[in-house]
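Encoded as structure tokens, the structure appears first; notes follow it.
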Amino acid sequence: MLLKDRVAVVTGAAQGIGRAVAEAYAREGARVAVVDVQAEAAEKAAAAIREGGGEALAVACDVSRRDEVDRAAAAVKEAYGPIDVLVSNAGITRPAMLHKMTEEQWDQVVKVHMYGSFYWLQAVVADMIEREWGRIILTSSSTAQNGSIGQINYAAAKSGMLGMARTAARELGRYNILVNAVAPAAATQMTEKIRTDPRFADAVKRSPLRRHAEPEEIAPTFVFLASDASSFLTGQVISVDGGGMMVR
Ligand SMILES: NC(=O)c1ccc[n+]([C@@H]2O[C@H](COP(=O)([O-])OP(=O)(O)OC[C@H]3O[C@@H](n4cnc5c(N)ncnc54)[C@H](O)[C@@H]3O)[C@@H](O)[C@H]2O)c1
């Protein structure tokens with residue numbers, strides 16, 4: 001098992017990519033905190049992991065609020081001990097063209113992705129420094145590199161997360177804490193609208209693998225990045241998108 005007895009926090013783990021990552025971590029022996037703003041769905045996801053023989057705890061938390069993040073981190077530590085692995089994955093979209101975007105749409109997206117990541121990084125990092133071992137993975141997006149029409153808030157937030165990952169990688173490398181980002185592409189609730197929009201069908205056909213991925217195909221990269229196998233890899237962004245980045 002690649003993550004035996006590691007304590008892992010996965011935010012946005014009630015569904016989609018985060019849930020697949022939480023399940024994969026549990027299969028690899030980690031004790032997993034399923035953190036999500038959807039309390040009931042998080043509980044269901046954690047219960048499913050436990051029914052499958054894994055160890056999981058649901059923690060209700062809006063990552064955009066520092067008080068909730070601090071409370072959630074304390075609950076995980078009390079149940080499982082210090083956090084070894086953080087996956088900052090919770091995400092939302094609030095699309096609008098630049099000239100129509102409201103400040104509220106901007107704030108909501110920046111709050112969840114950037115403040116949420118910042119709060120969680122701060123909540124876990126002291127223990128990781130003390131124990132001289134840590135793995136931090138931020139779920140970014142190809143939007144950070146390419147931009148995306150109607151998503152200036154999301155592109156800015158996901159770019160911000162890359163800057164955070166690289167900076168944290170530089171600051172924390174001396175403590176054997178590795179920080180990387182993943183830019184995924186998967187069939188989830190978040191991408192449902194785009195996937196069913198004929199205007200985007202062509203982009204998928206042009207990508208090397210010519211199909212969408214299930215979240216379960218994204219999760220193994222998160223397992224690798226959380227494990228000892230990635231011991232010399234930090235400050236990187238890994239595109240797990242069927243080669244889509246090459247043909248945009
Ligand atoms: N699916 C893709 O192709 C794709 C592409 C690029 C990036 N991403 C990123 O991957 C991550 C996971 O997305 P997904 O596709 O699984 O989407 P999803 O909508 O299925 O899951 C997102 C999860 O985040 C949770 N969440 C939202 N706001 C939250 C908050 N304030 N606090 C705590 N939890 C919150 C939701 O409840 C949900 O469970 C996101 O960061 C997303 O931006 C996804």
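All ligand and atom numbering here is 1-based and tracks the order in the structure. Bear in mind that the values here come from a model prediction, so they are computed numbers and not experimental data.
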Is there a polar contact, in the sense of an N or O pair closer than 3.5 Å, between G18 and ligand 1? no

Can you find a heavy atom in the side chain of R135 that is under 4.5 Å from one in the side chain of S230? yes

Assess R19 for proximity to ligand 1: is some non-hydrogen atom of it under 4.0 Å away? no

Side chain or backbone of D62 under 4.0 Å from ligand 1, or both, or neither, by non-hydrogen atoms? both

As an exercise, identify every atom of ligand 1 less than 4.0 angstrom from a heavy atom of T191. 1 (N), 2 (C), 3 (O)

Side chain T11, main chain N89, donor-acceptor under 3.5 Å: yes

Quick check: does Q38 get an N/O under 3.5 Å from an N/O on ligand 1? yes

Would the distance check show the side chain of S117 and the main-chain N or O of M114 forming a donor-acceptor pair, the cut-off being under 3.5 Å? no

What protein heavy atom sits nearest atom 17 (O) of ligand 1, and how far away is it? M190 CB, 3.4 Å

How far is atom 22 (C) of ligand 1 from its nearest protein heavy atom, and which residue and atom is that? G91 O, 3.7 Å

How far is atom 8 (N) of ligand 1 from its nearest protein heavy atom, and which residue and atom is that? Y154 OH, 3.5 Å

With nothing but distance in play, are any N or O atoms of T188 less than 3.5 Å from an N or O of ligand 1? yes

State the atoms of ligand 1, each with its element, that fall below the 4.0 Å cut-off from a heavy-atom position in I92. 27 (C), 28 (N)

Just to be sure I read this right, does ligand 1 sit under 4.0 Å from the backbone of V37, its side chain, both, or neither, counting only heavy atoms? both

Check: R66 and Q122 side chains under 4.5 Å, non-hydrogen atoms: yes

Quick one: nearest non-hydrogen protein atom to atom 16 (O) of ligand 1, plus distance? I17 N, 2.8 Å

Connected via hydrophobic side-chain network under 4.5 Å: I136 and Y80: yes

Looking only at distances, can you tell me whether any N or O atom of Q15, backbone or side chain, sits closer than 3.5 Å to an N or O atom of ligand 1? yes

Protein contact of atom 12 (C) of ligand 1 - nearest heavy atom, named by residue and atom, plus distance: N89 OD1, 3.4 Å

Protein heavy-atom partner closest to atom 3 (O) of ligand 1 - residue, atom, separation in Å: A186 N, 2.8 Å

Is there a continuous path of hydrophobic side-chain contacts, each under 4.5 Å between heavy atoms, that joins V69 to V124? yes

Which of the ligand 1 atoms, numbered from 1, are nearer than 4.0 Å to a heavy atom of A185: 3 (O)

Could you tell me which atoms of ligand 1, counted from 1 in the order shown, lie closer than 4.0 angstrom to a heavy atom of T139? 9 (C), 10 (O), 11 (C)

Indicate yes or no for a side-chain donor-acceptor contact from R31 to the backbone of E55 under 3.5 Å, with no hydrogens or angles considered. no

Is any N or O atom of V112, backbone or side chain, closer than 3.5 Å to an N or O atom of ligand 1? no

Mind listing the side-chain donor-acceptor pairs of residues 151-165 below 3.5 Å, one per line with the distance, residues two or more places apart or on another chain?
unit_1 : atom_1 : unit_2 : atom_2 : d
N153   : ND2    : R94    : O      : 3.0
N153   : ND2    : Q105   : O      : 3.2
K158   : NZ     : H113   : ND1    : 3.0
K158   : NZ     : T139   : O      : 2.7
S159   : OG     : A144   : O      : 3.3
S159   : OG     : A155   : O      : 2.7

Work out whether the distance between some heavy atom of T11 and some atom of ligand 1 is less than 4.0 Å. no

Tell me, which protein residue and heavy-atom name are nearest atom 37 (O) of ligand 1, and how many Å apart are they? D36 OD1, 2.6 Å

Would you say W133 and D228 are linked by a side-chain donor-acceptor pair, where the criterion is simply a distance under 3.5 Å? yes

Contact region, C61 to ligand 1, non-hydrogen atoms below 4.0 Å, reads backbone

Any heavy atom of S140 sitting closer than 4.0 Å to ligand 1? yes

As a quick check of understanding, evaluate side chain to side chain donor-acceptor pair (under 3.5 Å) for T143 and S148, giving each step before the final call. CA-CA 6 Å; T143 305; S148 174; 4.6 Å; no

Below 4.0 Å from any atom of ligand 1, is there a heavy atom belonging to K158? yes

Establish whether L233 and V87 are linked, either directly or via other cluster members, by ILVMFWY side-chain heavy-atom contacts under 4.5 Å. yes

Does the side chain of D241 come under 3.5 Å of the side chain of S239 through a donor N or O and an acceptor N or O? no

Is the closest side-chain heavy-atom distance between S227 and E28 below 4.5 Å? no

Going by atom type alone, with no hydrogens or angles, which donor-acceptor pairs under 3.5 Å involve a side-chain atom of residues 168-176 and a protein atom two or more places apart or on another chain?
unit_1 : atom_1 : unit_2 : atom_2 : d
R174   : NE     : E171   : O      : 3.3
N176   : ND2    : E132   : O      : 3.1

Protein contact of atom 5 (C) of ligand 1 - nearest heavy atom, named by residue and atom, plus distance: P184 O, 3.0 Å

If two hydrophobic side chains count as joined below 4.5 Å and joins carry through other members, does L121 share a cluster with M128? yes

Considering both backbone and side-chain atoms of S64, is one of its nitrogen or oxygen atoms within less than 3.5 Å of a nitrogen or oxygen in ligand 1? no

Can you find an N or O of V63 that's nearer than 3.5 Å to an N or O of ligand 1? yes

